[in-house]
Amino acid sequence: MNTQILVTYATRYGSTQEVAEAVAATLRESGLGVDIQPMRKVRTLAGYRAVVLGAPIYIGSLHKDAISFLSRHREALTERPVAVFALGPTHSPTDEKEWEGVHAQLDQELAKYPWLTPVALELFGGKYDPAKFNFSDRLITGLPASPLHGMPASDLRDWKAIRAWASDLAAKIKPALS
Ligand SMILES: Cc1cc2nc3c(=O)[nH]c(=O)nc-3n(C[C@H](O)[C@H](O)[C@H](O)COP(=O)(O)O)c2cc1C
């Protein structure tokens with residue numbers, strides 16, 4: 001099967017990579033040819049008919065690899081369908097205030113790229129595991145003033161919703177690929 005789609009992700013602790021893998025697997029089950037790569041390793045989008053970008057939000061910003069990817073591949077991204085997913089909320093699946101706040105963070109981040117018009121855009125819950133934090137995240141979240149101070153480990157990734165989103169995406173982009 002010809003590879004048609006690139007699923008590419010940014011990650012610090014691996015949770016976005018795992019979501020990208022589930023998205024790629026679902027697209028393949030829908031009959032599409034899919035490659036998966038970390039954003040920092042992608043040199044060219046030539047040969048791909050569509051691109052799925054996945055990135056976590058850190059302190060209100062998209063992961064730095066995503067910011068760099070968007071500037072490096074701007075032209076190619078305007079020439080093919082692009083879908084975007086982000087990971088963020090880690091408090092509770094039902095904390096509406098948190099989800100609204102992260103939606104606003106994501107909208108604000110994407111507003112910096114007015115040329116980017118995703119065919120699908122979704123925010124998923126993230127995974128939060130303080131035991132794995134690097135030095136700087138331990139420092140930031142250890143500050144009593146940090147909104148993340150004392151927050152317990154959590155995993156709000158809803159695999160059913162993730163697969164459903166990818167399956168809808170396959171149906172949406174398939175006609176453009178045939
Ligand atoms: C130091 C730190 C800051 C974070 N800041 C935000 C944030 O501003 N907004 C948000 O929605 N999620 C935030 N998160 C949650 C991450 O987006 C979430 O843990 C995500 O699943 C991490 O993805 P990764 O494992 O692929 O790096 C933060 C997490 C950490 C550790």
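The basis for the numbers below is simple: all heavy atoms, side chains too, and nothing from hydrogens, waters or symmetry mates. Positions are given from 1 along the sequence. Atoms within each ligand, like the ligands themselves, are counted from 1 in listed order.
Summary of contacts: the protein heavy atom closest to atom 8 (O) of ligand 1 is Gly60 N, 2.8 Å. The nearest protein atom to atom 24 (P) of ligand 1, hydrogens excluded, is given as Ser15 OG, 3.2 Å; this is a heavy-atom distance. Remark: minimum distance from atom 19 (O) of ligand 1 to any protein heavy atom is reached at Lys127 O, 2.6 Å. In this structure, atom 30 (C) of ligand 1 lies nearest to the protein heavy atom Tyr58 CE2, 3.5 Å. Of all protein heavy atoms, the one closest to atom 15 (C) of ligand 1 is Gly88 O, 3.5 Å. Nearest protein heavy-atom neighbour of atom 9 (N) of ligand 1: Gln105 OE1, 2.9 Å.
Less than 4.0 angstrom separates some heavy atom of Val102 from each of these atoms of ligand 1: 11 (O). Atom numbering of ligand 1 starts at 1 in the shown order; those under 4.0 Å from a heavy atom of Arg12 are 24 (P), 26 (O), 27 (O). Atoms of ligand 1 found under 4.0 Å from any heavy atom of Thr11, numbered from 1 in the order shown, are 24 (P), 25 (O), 26 (O), 27 (O). Close approach of ligand 1 to Pro89 (heavy-atom distance below 4.0 Å) involves ligand atoms 11 (O). Residue Tyr13 has at least one heavy-atom neighbour below 4.0 Å for each of these atoms of ligand 1: 24 (P), 25 (O), 27 (O). Every atom of ligand 1 with a heavy atom of Gly126 under 4.0 Å away is listed here by number and element: 21 (O).
Contact annotation for Leu87 and ligand 1: heavy atoms of both the backbone and the side chain come within less than 4.0 Å of the ligand. Proximity of Asp137 to ligand 1, defined as any heavy-atom pair under 4.0 Å, is confined to the side chain (atoms from C-beta onward). Contacts between Phe133 and ligand 1, counted as non-hydrogen atom pairs separated by less than 4.0 Å, involve the side chain only. Here His63 has no heavy atoms under 4.0 Å from ligand 1, in either its backbone or its side chain. With a heavy-atom cut-off of 4.0 Å, Ile140 does not touch ligand 1 at all.
For the residue pair Gln105 / Glu109, no side-chain donor-acceptor distance below 3.5 Å is found, with atom types taken as modelled. Side-chain contact annotation: Arg72 with Ser68, donor-acceptor N/O pair under 3.5 Å present.
In the candidate list Ile57, Leu139, Thr90, Thr16, Ile57 is nearest to atom 14 (N) of ligand 1, counting heavy atoms. Considering Val19, Leu148, Ile59, Leu106 only, the shortest heavy-atom separation from atom 5 (N) of ligand 1 involves Ile59.
Trp115 and Tyr113 have perpendicular rings, their planes meeting at more than 60° on a 0 to 90° scale where under 30° would count as parallel.
A heavy-atom distance below 4.5 Å is found between the side chains of Leu123 and Pro89. Contact of the Asn134 side chain with the Arg12 side chain is registered, since non-hydrogen atoms from C-beta on lie closer than 4.5 Å. Two residues are said to be in side-chain contact when any heavy atoms from C-beta on lie closer than 4.5 Å; Tyr128 and Phe133 meet this criterion.
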### Task
Evaluate the side chain to side chain contact (heavy atoms under 4.5 Å, CB included) criterion for residues Asp129 and Tyr13: first the C-alpha distance (whole Å), next the side-chain angles of each, then the deciding distance (0.1 Å), finally the verdict.
CA-CA 9 Å; Asp129 186 0; Tyr13 297 111; over 6 Å; no
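One hydrophobic cluster, built from ILVMFWY side chains closer than 4.5 Å, cannot hold both Met151 and Leu87; they sit in different ones. The cluster map of Ile, Leu, Val, Met, Phe, Trp and Tyr, joined by side-chain heavy atoms under 4.5 Å apart, puts Ile5 and Leu45 in different clusters.
Remark: Lys172 engages no residue in a salt bridge (Lys or Arg N to Asp or Glu O under 4.0 Å) (not counting sequence neighbours). Considering only residues two or more places apart in sequence or on other chains, Arg157 meets the salt bridge (Lys or Arg N to Asp or Glu O under 4.0 Å) condition with Glu18, Asp155.
Considering backbone and side-chain atoms alike, Gln17 places every N or O at 3.5 Å or more from each N or O of ligand 1.
Ring centroid separation for the pair Phe85 and Tyr9 does not come in under the 6.0 Å cut-off.
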